[in-house]
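Written below as structure tokens is the structure these notes are about.
Remember, predicted model here, so these are calculated numbers, not experimental data. These numbers come from the heavy atoms of this one structure, side chains and all, not from hydrogens, waters or symmetry mates. Naming convention: chains lettered A, B, ... in sequence-line order (proteins, then strands); numbering from 1 in each chain.
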There are 2 protein chains.
Amino acid sequence: MENRMRIMECAKELFYAKGYDAVGVQEIVDRAGITKPTLYYYFGSKLGLLKTLLETKFEEPHAAVRAAAELKEDIRSVLYHMAKAYCDFFERDREFYMLMMALFYSARENEAYQAVKPYVTEFYETVVQAFERASGQLGNMYGRQRQFAIGFIGTLTHYLLLHSEADAGERLEEEKITSLVNQFMYGIFT
Amino acid sequence: MENRMRIMECAKELFYAKGYDAVGVQEIVDRAGITKPTLYYYFGSKLGLLKTLLETKFEEPHAAVRAAAELKEDIRSVLYHMAKAYCDFFERDREFYMLMMALFYSARENEAYQAVKPYVTEFYETVVQAFERASGQLGNMYGRQRQFAIGFIGTLTHYLLLHSEADAGERLEEEKITSLVNQFMYGIFT
DNA sequence: CATTTATTATACCGTTCGGTATATCAGATG
DNA sequence: CATCTGATATACCGAACGGTATAATAAATG
């Protein structure tokens, strides 16, 4: 059971750094200090390893975002809490977060994309629902809930992507999150 | 020379569909109806093929966005024209656009990411400069040019990503672009 | 103590990987 | 016609790929 976790951790690091397809099973087991049959004993296949990794690490952060999305507060507060939960997800395990994003943006026919898609879709629907619940506060949305959700997630994910690139190690400041949410809510003329 | 172009086209389709690492050179030459030495004659390596592909297909759309970014009009108009040029890029060759995005979101140590990074960075700086040029119109930006650029690009790219997923073939409506730009400029309370 | 069960390693499978040495072949050039 | 040059194919390279048959080991169980 200890090896099982070490394998997942090593796989995460390598998938993050080099990409799912570019990493060989041999490389993973070498880093973990075990041999191939051990990996196949626990996960059955390279893809099974990826799936287990996603399942294990996704649930908790997603629950946090969902909790924020379901808050019975005004939309400003909900958006802020969602953004906060999302950034916490990023902060808690940047490698896993970046790995998920890379997989989601990867080729549609690739098995790694197929594996991550349900998780990201579920997350995305959570945000759409938050906007639907806020219909009353936003005037007539004309069915723009999806568009808002896309803008919101797009702004956040893109910011985190470029933040992790530029300030590799630095903490994400609270006020930066507020500023992003404000920009999203009120636009750029403020 | 005809083979050269066919190889690039086939490579683009396969890289888009399955991912750079997941596609073998053999697969590319099979689809192009030629053999490996022909590919290596023109491009030297698999990575050389990718680099040539990016160089060949990036310049023109990027020039269009840069032209929009340098318009001497008010920021609303500049943003609209940039968004329009960007979406045209997407429309002209969705596969190539999606391939670029996938590469940019892929693992940092991966050679495919290294290959695409300079192009996306250049594009990104173009947008940052558009916001810098508009400083006078936006009040005090407090150095938020980068943040604005990130939000702008993030909203656009994310929208195109999910649009291409949902409405695979459908044309991108003009008014949708306007709506996105408005959302970005004025926020969601309108 | 004997047996079972979970876990791990040795050694190997056939296939595919990116890449190349060499030869051919067609068209242009002297 | 002879030669040269650009373009292409045949056939191959060693290495790495994902995956597995088999056996050993170690701890728990009867």
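Both the sub-6.0 Å distance and the 45° axial angle are not jointly satisfied by A:Lys57 relative to the ring of A:Phe89. A cation-pi geometry, defined here as NZ or CZ lying under 6.0 Å from the six-membered ring centre and within 45° of its normal, does not hold between B:Lys46 and B:Phe15.
Atom CG of B:Leu103 and atom CG of B:Asn110 lie 8.5 Å apart (nearest 0.5 Å).
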Identify the pairs formed between an N or O of the protein and an N or O of nucleotides 23-28 of chain D at a distance under 3.5 Å, and give each distance.
none

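In the set D:dT10, C:dG18, C:dA9, C:dG18 carries the atom at the smallest distance from any side-chain atom of B:Val25. Among the nucleotides C:dG19, C:dA9, D:dA9, the one closest to the side chain of B:Lys46 is C:dG19. Taking the side chain of B:Tyr41 as heavy atoms from C-beta on, and the options D:dA7, D:dC17, C:dG19, the nearest nucleotide is D:dA7. In the set D:dG19, C:dG19, D:dA9, D:dG19 carries the atom at the smallest distance from any side-chain atom of A:Lys36. Each of D:dA9, D:dT8, C:dT7 was ranked by its minimum atom distance to the side chain of B:Tyr42; first place goes to D:dT8.
Spacing between atom CG of A:Asp21 and atom C1' of C:dC17 amounts to 13 Å, rounded to whole angstrom units. B:Gln26 has its CD atom 15 Å from the P atom of D:dC12, to the nearest Å.
Applying the 4.0 Å criterion to OP1 and OP2 of C:dG19, one finds that B:Tyr40 has a side-chain N or O inside that range. In terms of phosphate contacts, B:Thr38 brings a side-chain nitrogen or oxygen within less than 4.0 Å of OP1 or OP2 of D:dA9. OP1 or OP2 of D:dT8 has at least one side-chain nitrogen or oxygen of B:Asn3 nearer than 4.0 Å.
Note on A:Val23: only backbone sugar-phosphate atoms sit closer than 4.0 angstrom, heavy atoms only; bases stay farther off.
End-to-end axis angle of the helix from C:dC1-D:dG30 to C:dG30-D:dC1, from C1' rotation axes over five pairs per end: 10° (rounded to 10 degrees).
Side chains of A:Asp30 and A:Gln26: a donor-acceptor N/O pair is present below 3.5 angstrom, by distance only.
Between B:Phe123 and the options B:Phe152, B:Phe104, B:Tyr86, a ring pair (Phe, Tyr, Trp, His ring centres under 6.0 Å) holds for only B:Tyr86.
Using modelled atom types, no side-chain atom of A:Gln129 and backbone atom of A:Ala69 make a donor-acceptor pair closer than 3.5 Å.
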